[in-house]
Amino acid sequence: MRAVLDTCVLVSALKSRSGASFAVLDAVFAGKIEIATSVALVLEYDDVLKRPGLIPALSSAEVDIVIDSLCDSSIHQSIFYTWRPQLTDPDDDMILEVAVAAGASAIITHNIKDFRKLDTFSIEASTPAEVLNLI
């Protein structure tokens, strides 16, 4: 399965090791899920994950290690064509663009309702729990 991780999944995974989001992240590092990233998406991960107090258990340096590991484990996708605007949130459009460019079959997110227009692109919006059931 090739997918794109919404930032909210990373936040959840780094806040708790007991949930489906952490299990998805573990599956990415184990090679069971192939993820695609872009420069813009990695910059968003970095910006959000380093917000003060969001993930108090991790230092900025530890967040860098997680992001570096994600980059090492991902397909680095260049974006040559933008599909904006498709979704209500420009950050979600960025995730959609990575998914389309990489030929991903899924966007893994907790915000399914934010990704309603994916049928046109043959991409599923799936929760971490749904993805775990697939793999």
Report summary line: What one should report as the nearest heavy-atom pair of Asn111 and Cys8 is ND2-SG, 3.6 Å
Report task. Could you tell me whether the side chain of Ile35 reaches within less than 4.5 Å of the side chain of Arg2, counting heavy atoms only? Result -> no
Query raised in the report: Is the shortest heavy-atom distance from the side chain of Thr109 to the side chain of Asp114 under 4.5 Å?
Result: no
Query raised in the report: Hey, is CD on Glu124 packed in by over 12 heavy atoms from elsewhere, all under 6.0 Å?
Result: no
Requested in this report: Could you grab the distance from atom CG of Leu96 to atom CZ of Phe115, nearest 0.5 Å is fine?
Outcome: 7.5 Å
Report task. Write down the atom of Ser12, the atom of Ser21, and the distance for their closest heavy-atom approach. Result -> CB-OG, 3.4 Å
Query raised in the report: When hydrophobic residues are tied together by side-chain contacts of less than 4.5 Å, even through go-betweens, does Ile123 share a cluster with Ile112?
Result: no
Query raised in the report: Is there side-chain contact between Leu70 and Leu25, with at least one heavy-atom pair below 4.5 Å?
Result: yes
Query - Side-chain heavy atoms of Tyr45 within contact of Leu5, under 4.5 Å - result: yes
Query raised in the report: Would you say Lys15 and Leu54 make side-chain contact, with heavy atoms under 4.5 Å?
Result: yes
Query raised in the report: With hydrophobic residues grouped by side-chain heavy-atom distances under 4.5 Å, do Val24 and Val48 end up in a single group?
Result: yes
Report summary line: Heavy-atom closest pair (Ala125 atom, Glu130 atom, distance to 0.1 Å) is O-OE1, 4.1 Å
Query raised in the report: Are the side chains of Thr37 and Val98 in touch, meaning some heavy atoms are under 4.5 Å apart?
Result: no
Query raised in the report: Do you know which two heavy atoms are closest between Ile108 and Val9, and how far apart they sit?
Result: O-CG2, 3.3 Å
Query raised in the report: Considering only heavy atoms from C-beta outward, does the side chain of Asp64 approach that of Lys50 to under 4.5 Å?
Result: yes
Requested in this report: Please report the shortest heavy-atom distance between Met94 and Ala40, naming the atom on each side.
Outcome: SD-CB, 3.4 Å
Query raised in the report: Are Leu41 and Met1 grouped together when hydrophobic residues (ILVMFWY) are joined by side-chain heavy atoms under 4.5 angstrom apart?
Result: yes
Requested in this report: With rounding to the nearest 0.5 Å, note down the distance linking OG1 in Thr127 to CG in Asp6.
Outcome: 12.0 Å
Query raised in the report: Just how far is it from atom OG of Ser126 to atom CG of Asn133, taken to the nearest 0.5 Å?
Result: 10.5 Å
Query raised in the report: Hey, any chance Phe22 and Val11 share a hydrophobic cluster, counting ILVMFWY side chains that come within less than 4.5 Å of each other, even indirectly?
Result: no
Query raised in the report: Roughly how far apart are Leu134 CG and Lys32 NZ, rounded to 0.5 Å?
Result: 14.0 Å
Query raised in the report: Do Ile33 and Val42 sit in the same hydrophobic cluster, where Ile, Leu, Val, Met, Phe, Trp and Tyr count as joined when their side-chain heavy atoms come under 4.5 Å apart?
Result: yes
**Report entry** Nearest non-hydrogen partners of Ile67 and Asp46, listed with the distance
**Finding:** CD1-CA, 3.4 Å
Requested in this report: Measure the spacing between CD1 of Ile79 and CD of Glu97 and express it to the nearest 0.5 Å.
Outcome: 6.0 Å
Requested in this report: Please round to the nearest 0.5 Å and tell me the distance separating atom CD1 of Ile55 and atom OG of Ser60.
Outcome: 11.0 Å
